[in-house]
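Report on the following structure.
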Amino acid sequence: QDGAEAYLGMSIHQFPNLFIMYGPNTTLGHNSILYMLESQIRYILKATNTVIKKDINAINMKPSIQSHFNQVIQQKVNKSVWSEGCTSWYKTDSGKNTVNWPGFTFSYRKMCKQFSLNQYDVL
């Protein structure tokens, strides 16, 4: 209702063990999506291997982690060409941009480099 959001565009609170690819705020207007997808694949593999290795049944994104991540993303994207002074399909009726990644692809890759179980509730 308020616009899609996910941690790193992949993990969503209340959807345990679900990882999506090419999710909210991971679309690019300046590079290849393949670079983003490769980052996501590596992150998902690390998460899966951690769950298997630690014999965990389920993990669920912590709402505070997801919320904070998306607040930062919205602050950045609101200062970008994707949001400034225009109406587009990138934004919801309330003005939230749920589509574009607001930074460099290498910064996204760096964020996806480490999987931290501390960001998830173990179920």
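Here the structure is a predicted model, which is why all the values come from computation and not from measurement.
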Completion exercise
When every non-hydrogen atom of Thr92 is compared with those of Thr98, the smallest separation belongs to CG2-CG2, 4.1 Å

Handout entry: Option among Asn70, Val72, Ile65 that satisfies the side-chain contact (heavy atoms from CB on, under 4.5 Å) test with His68
Key = Val72

Problem - Heavy-atom pair with the smallest gap, counting every atom of Thr26 and Leu8 - result: CG2-O, 3.8 Å

Handout entry: Gln40 and Tyr108 side chains, donor-acceptor separation under 3.5 Å
Key = yes

Exercise for the section: May I ask whether Ile20 and Leu37 are part of the same hydrophobic cluster, defined by side-chain heavy atoms of I, L, V, M, F, W, Y residues being less than 4.5 angstrom apart, directly or through others? Expected result: no

Problem - Arg109 to Ser39 - nearest heavy-atom pair and separation - result: NE-OG, 2.9 Å

Handout entry: Ile33 with Trp101, same ILVMFWY side-chain cluster at under 4.5 Å
Key = yes

Exercise for the section: Step through the shown structure and confirm whether more than 12 heavy atoms of other residues, nucleotides or ligands are within 6.0 Å of OH on Tyr35. Expected result: yes

Problem - Nearest-0.5 Å distance, CG of residue Leu123 to CG of residue Asn17 - result: 7.5 Å

Problem - Spatial distance of atom NZ (Lys79) from atom CD (Gln74) [nearest 0.5 Å] - result: 12.5 Å

Practice task
Verify the neighbour count for atom NZ of Lys46: are there more than 12 heavy atoms of other residues, nucleotides or ligands below 6.0 Å?
Solution key: yes

Completion exercise
Separation between CD1 (Ile59) and CG (Asp121), nearest 0.5 Å, reads 10.0 Å

Problem - hydrophobic_cluster_shared for Met10 and Met111, side chain cutoff 4.5 Å - result: yes

Handout entry: Tyr90 with Ile73, same ILVMFWY side-chain cluster at under 4.5 Å
Key = no

Exercise for the section: Can you see which heavy atom on Lys54 is nearest to which on Leu117, and at what distance? Expected result: CD-CD2, 3.8 Å

Problem - Which residues share a ring pair (Phe, Tyr, Trp, His ring centres under 6.0 Å) with Phe19, sequence neighbours left out - result: none

Practice task
Indicate whether any N or O donor in one side chain lies under 3.5 Å from an N or O acceptor in the other, for Asn31 and Thr105.
Solution key: yes

Exercise for the section: For residues His13 and Met61, report the shortest heavy-atom separation together with the two atoms involved. Expected result: ND1-O, 2.8 Å

Completion exercise
Between Lys96 and Asp2, the two heavy atoms sitting closest are CD-O, 3.2 Å

Practice task
Check whether the side chains of Ser11 and Tyr120 place a donor and an acceptor atom closer than 3.5 Å, and report yes or no.
Solution key: yes

Handout entry: Single-linkage hydrophobic cluster, 4.5 Å side-chain cutoff, Ile52 and Val122 together
Key = no

